[in-house]
Amino acid sequence: MTFKRCFPVFSKISLSLPVVEILPDDENETSDKEQRELDFPNTSVIPGDLTEELGVDYFFSLWTVLQDEDISTSDVPFTILAPSNLAKRPSSSILGNPEKLKKLILSHILLGRKILSNDIISSNSSIEERSLEGTSLHFIHTTSGILVNNRRVLRSDVFVPQGTIIILEDYLVDNKDDVIENRIPMIELGTKDESDIGSWKLEEIDLDFGRRVFEAMSNESKPFYEELIDVLSLLKSGTSEFRRYFLQADVSKYFIDDGEYTAFIPMDDAFRKWYPIDWGFNPFEVPEFVRMTILNHVVVGKVKQSSVKDGGILTTLGGKQIIIKKTPNKVLSLNGVPVFDGDTPTSHGNVWFVRDILFVNSAVVRSLQKVHKDKETAPLVTFPWYNSQFLSHVFTELEGRDDFNLLVEYLNGTNAFADNLPSHDEDFSMIRYSFFAPTDEAINRSLSEDILDELKANEVLRKQFLMDHTVSSRLYSTDFVDGAEIEMISGKKVLIHKKNDALYLNQVSVTDEDIFIYNLGNMFILDGVLFTPTLENEEMTTTTVS
C-alpha cells in the first residue's frame, strides 16, 4: 500500500444535525434537530502529502473527531472548503466540544457538486449551495477575487479524485469569539527578563499555581531532564504530545545531571497532523523513531534566542544539525520551522517553542512506513468476517495473488473458521495472528487427489486444515529459533529448522516471510503443507466449495 496520511473513507455519519428540506418559493426551512445519516465524501483519495503542500493539513487533522462515527463509502462529487494553516484557529469552546467541532467541519463540506472557479466567475449572481451541516454557502466573484460567505478564496480548482478543494483565508465561523489567533494555546510563552525565571506571563490558567511551580523551580536546582518534565506538565494544554513521547522514549541516560541543555518543543498540532484519522500509518508508533525525534529536539548548552546568529549551526543529541535563520527584525526559524518569540529559561538550560517537528516530513514518514508497515492500523472491514479483521484482510491479500486460488476457496467456504480468530479477547485487547499459506502448487503436490476432493466437500476437514496453518500470536522471522517448536491453534506443534538463512517448518520451506497484515499479524508463504488433514474422529459435514 502506498503511503497516505490517511484521510478516512467517511460517507455516512450519524450526527444530531438539522435536516434541511428544500421547499419551493423561498420557503426553505430547517426542521427540528433529529438523528439522521449523512452522505459523506470519500476522502481516502486525498493524500496527506497534498494537504501539507497546500498548507491545509491542520484543518484535516481536526477530522479525528469523526473517527468513531459510522461510516461507509460514497463516490458522489464533493467540494471541501479548507481553511489555510495561517487562518485563525477555532477557539477552545469549539475544539473542546466534539459536537461543535463536527458541525464546524461539516459546514466546510459540500456534497453533490464540484464548485469550480469558472462556474463562479461566469455566474451572473452568487452560487447558492448548502453544506453538510445545513448552512448556506454563497460563492461570488468580486473585484477582490472569489469569496465564500465573505471569506476570501486563496486558491481554487485543486482537483482530487471525485472532488475539488478550495482553500479559504479563514474559517466559516460567524462569531469572532469562536476563533483564536494562530498562536500557542493557553499561555503566552517567554519572559520579559530572561534572567528572571519567576517572570512568566500566564493566560487562562491558574496564575497562582503557575507562580508556585516556577518559584519552586527557581529555588530548587534539578537536572534539566526533570526541569523539562515540570515545564511540559504545566503547559500540558499545548505540549502534551511532546511530553508523552519524551517520557515514553526514556531518554534520561542521554542527559548529564549537572549539564546544561536547550530543548525545542513543538506544539501538539504538529504531532497530530501525522496521526491517521481513521486508519493508516502513525510514525509515532515506531519506538526508535520516537526516541530519535525527541533527541533531535535537544542540544547541549543554554542557548538564548538573543545570542544566536543568522546561519549558526547547532548539533542535536541525536547527531542532526539545526541551521538557524535570523531575519534583520530578529524573527527566528530552525531548519525553516518558525520559532515562537521568547526564552523559557530553567536553572540548567532553556526551552524554545517551535511551530513544527524538526526533521520530520512526508519523505521521512514514507520511508519509515515502508520498513514498519506492521505498525499501520487496518481499515475496518465488514466482509467477509467482521468478527475477524485479521482473517478478512488475509483473504483480501490472498485474493489479490494468482497462486492462492485453493486457499481462497477453502476460506470462502469455511465461515466457521473465522470464529476461531476473533479480533479481540474478552477484555477487548487486540489478538494478533500468524498465517502460513501454502501455494496452489504446494497443496496439489503435497496432498492426494482423494484428500483434495474431501477438502472441497467437507467443511470440517477444511477448518482443520486452516487451523493447522494458523498461530494465535504475531510471529516475525526473527522469532524462529532452530530446534524450537511453535503451536498452531489446532494444538499441533511444528518443528523449526534454520539452515544457511533458510527457514523450514516441519521440513517445509518458507519461501516468503513477514508479509505484514497491517498491525493485525503476519503471513508466511509455504512450499508445502504443514500437516495432511485427516477425517479421524471428525464429524462429516459436507459443504462443497465451488
Side-chain angles (χ1 to χ4, degrees), residues 5 48-49 51-62 82-90 95 154-155 167-171 179-192 194 200-201 203 228 231-232 235 237-243 245-246 262-274 293-294 296-299 303-316 318 320-345 349-365:
R5 187 96 46 73
D49 302 42
T51 61
E52 180 184 14
E53 180 182 339
L54 296 174
V56 294
D57 45 309
Y58 174 77
F59 171 69
F60 282 96
S61 73
L62 300 177
S84 163
N85 288 347
L86 299 178
K88 290 183 178 180
R89 301 283 174 84
L95 295 177
L154 301 179
R155 182 174 175 181
I167 302 176
L168 300 181
E169 186 178 37
D170 210 342
Y171 284 81
V179 292
I180 60 175
E181 293 183 4
N182 187 357
R183 61 180 175 84
I184 297 176
M186 302 297 287
I187 188 166
E188 181 178 332
L189 300 166
T191 63
K192 292 180 179 179
E194 296 172 358
W200 293 64
K201 295 162 59 182
E203 293 180 353
L228 183 57
V231 172
L232 296 176
L235 306 179
S237 61
T239 60
S240 59
E241 297 299 276
F242 187 90
R243 178 181 181 274
Y245 293 125
F246 188 78
T262 299
F264 308 107
I265 311 300
M267 297 295 99
D268 288 344
D269 292 343
F271 289 93
R272 289 170 181 160
K273 72 179 184 180
W274 294 106
T293 297
I294 294 299
N296 284 327
H297 283 76
V298 182
V299 299
V303 183
K304 296 183 177 180
Q305 293 187 8
S306 61
S307 64
V308 298
K309 299 184 182 299
D310 183 40
I313 296 177
L314 301 171
T315 301
T316 71
K320 296 278 191 178
Q321 288 192 333
I322 297 174
I323 300 176
I324 300 169
K325 178 70 176 177
K326 193 173 190 178
T327 65
N329 58 350
K330 298 183 180 180
V331 175
L332 286 168
S333 63
L334 304 176
N335 286 2
V337 174
V339 174
F340 289 96
D341 185 39
D343 292 295
T344 304
N350 197 11
V351 179
W352 298 20
F353 294 88
V354 295
R355 291 186 180 272
D356 211 341
I357 307 172
L358 301 174
F359 307 106
V360 177
N361 54 42
S362 295
V364 169
V365 174

Looking only at non-hydrogen atoms, find the nearest pair between [X] and [Y] and report the distance.
X	Y	result
T316	V299	CA-CG1, 3.9 Å
M267	F353	CE-CD2, 3.3 Å
F264	F242	O-CE1, 4.4 Å
D343	S306	OD2-N, 4.5 Å
F359	N296	CE1-O, 3.6 Å
V56	S84	CG1-CA, 4.2 Å

[atom1]-[atom2] distance between [X] and [Y], expressed to the nearest 0.5 angstrom:
X	Y	atom1	atom2	result
L358	K320	CG	NZ	11.0 Å
D57	R272	CG	CZ	14.0 Å
I322	S333	CD1	OG	11.5 Å
T239	D268	OG1	CG	6.5 Å
D310	K330	CG	NZ	13.5 Å
E241	I265	CD	CD1	13.0 Å

**OP:** Assess whether side-chain contact (heavy atoms from CB on, under 4.5 Å) is satisfied between D356 and K273, documenting all intermediate values.
**Re:** CA-CA 10 Å; D356 211 341; K273 72 179 184 180; 2.9 Å; yes
**OP:** Give a yes or no answer on whether the side chain of Q305 reaches the backbone of G342 with a donor-acceptor pair at less than 3.5 Å.
**Re:** yes
**OP:** Look at the side chain of K88 and the backbone N and O of Y171, then say whether any donor-acceptor pair between them is shorter than 3.5 Å.
**Re:**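 No, the answer is negative, given that no donor and acceptor are paired below the 3.5 Å cut-off.
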Subject >> side-chain contact (heavy atoms from CB on, under 4.5 Å) partner of I324, chosen from L314, V303, N335, V339 >> reply: L314
With heavy-atom distances below 4.5 Å as the criterion, would you say the side chains of [X] and [Y] are in contact?
X	Y	answer
I357	W274	yes
V365	V360	yes
L62	L95	yes
L334	V354	yes
Y58	R89	yes

Original post:
Going through the distances and angles, do V331 and K326 end up as a side-chain contact (heavy atoms from CB on, under 4.5 Å)?
Top reply: CA-CA 6 Å; V331 175; K326 193 173 190 178; over 6 Å; no
**OP:** List the steps, then state whether salt bridge (Lys or Arg N to Asp or Glu O under 4.0 Å) holds for D269 with R355.
**Re:** CA-CA 9 Å; D269 292 343; R355 291 186 180 272; over 6 Å; no
Subject >> K325 atom NZ: more than 12 heavy-atom contacts under 6.0 Å >> reply: no
Original post:
Parallel under 30°, tilted from 30 to 60°, perpendicular over 60°: which one fits the rings of Y245 and F271?
Top reply: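 Y245 and F271: tilted rings.
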Original post:
Going by atom types only, do T262 and N350 share a side-chain donor-acceptor pair under 3.5 Å?
Top reply: no
